[in-house]
Amino acid sequence: MTEGRFPEGFLWGVATAAYQIEGAVAEDGRGESIWDRFSHTPGKVYQGHTGDVACDHYHRYRADVEEMARLGVGAYRFSVAWPRIFPQGRGQANPKGLDFYRRLIDALRERGIVPVVTLYHWDLPQALQERGGWAHRDTAYRFADYAAYLFDRLDEAVPYWITQNEPFVVAILGHVTGEHAPGLQDPMAGFRAAHHLLLSHALALQAYREGGRRHGRIGITLNLSPVEPAGDDPEDEAAARRLDGLLNRWFLDPLFRGAYPSDMVAHFAGLGLPLPEPPQEEMRAIAAPIDFLGVNYYSRQLVRHEPGEPLMAMRQVEGPLPKTAMGWEVYPEGLRRLLERLRHEYTGELPILITENGAAFDDAVSPDGAVHDPARVAYLRDHLLAVSRAIDDGVPVRGYFLWSLMDNFEWAHGYSKRFGVLYVDFDTQARIWKDSAHWYRRVIEANAVVD
Ligand SMILES: OC[C@H]1NNC[C@@H](O)[C@@H]1O
Ligand SMILES: [Ca+2]
């Protein structure tokens, strides 16, 4: 295979998530989510930005699907907002909520675009948070009910299901650092949430497998990063292994080996965080076979030993490489190395989908009306070359979903960070193709990296 070419049938896509693009947060019976509550809580989100309107995708989805068709994508990864389907998280369903996703899926299929549906991308119904949220085991069972409801009604039209998006971020940023909804700072809640997120995946997987007439493939998406020591001090090496243990192995080991990483369990026990031994049948269910692993990759982590840091005795440091607007190093080699590691240590021949990769840069509309984003083109180009090299080495990567179709609500950063290949003017809701969109269209058309 020549450098930068992709296999026949490689799945080219773009990715979004409900709360980040839909808006219409009180329309057609949608219930409140923890991100509605969090973003409306003063001080939590940049300049008080919220997802109330976002990209108004709930109303503009047909035009957005047309843009995807113009890009030539074969697939579109989006998430269903649980609070549209079950406004209270459980009990009474809201048919109007389901109808929106039926309309969206129909529009996609009319254009020959395959829907890739994420069941949970962070917008937990607030009513469930009030019953304990992800720190409460019952939420995992409510999630399985929600998943089964969608499987029963949408499975014929949906060939790919993703149960959870980035459980590390949901557990740690939502329950330990407090940067994300529900904004807790309680390590035990974080570990309980991590387990219940994995349990929710297992229960949804069981519902899918036992549902009989299932047609599609089901997997889970993890945010994964290589973790490297900032210096050559053995203590820094140990700190890197600890962060690797929490960021990567805390989720990969249960899913592929049926147990939490013992070095980390011992580490936390040593801190007086005795993690309850999960029931063996739960760990077996979590390790049940999936059809693909979704990988979200952005950058690497660089760490130093930090004796004073209570949970991990480490701190993340800024690296020397060029950075995106998020302050994340541009490190395409890390993606190839991550894919090689996954194949050798966890996934073997299991198909992998890159369910997110992309970059934020400070884009602006230039006088000629275009948006010139050479740094994003370079980022995407180098990361696609890294994927191509991994595929050449035998890693079974089957698809790539660019984060994101369009600029959107970047969580605690609000609308200040633009990840889209389509620029969104949030005053007019106009979508403007950035140079990277024109470039990505040519990549898809060629099924290869182009200049
Ligand atoms: O930070 C960029 C993206 N990372 N993964 C989850 C998405 O919701 C984010 O927008
Ligand atoms: Ca090659």
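Remember, it's 1-based here, ligands and their atoms both numbered in the order they're listed.
- Taking the salt bridge (charged side-chain N to carboxylate O under 4.0 Å, His left out) definition, one finds that Asp407 meets it with Arg418, Lys434, sequence neighbours left out.
- Protein residues with a heavy atom closer than 4.0 Å to ligand 1 are Gln20, His121, Trp122, Glu166, Tyr298, Trp328, Glu356, Trp403, Glu410, Trp411, Phe419, listed by chain and number.
- Annotation: side chain to side chain donor-acceptor pair (under 3.5 Å) contacts involving residues 178-194, sequence neighbours excluded, comprise Thr177-Glu179.
- Between the side chains of Asn408 and Tyr415, not a single donor N or O lies within less than 3.5 Å of an accepting N or O.
- Taking the six-membered ring where the residue is Trp, Phe151 and Trp161 present perpendicular rings, their angle passing 60° and hence far from 30°.
- For residues 309-356, the pairs satisfying ring pair (Phe, Tyr, Trp, His ring centres under 6.0 Å) are Tyr298-Trp328, with sequence neighbours left out.
- In this structure, Tyr160 and Phe292 have perpendicular ring planes: the angle between them is above 60°, well past the 30° mark.
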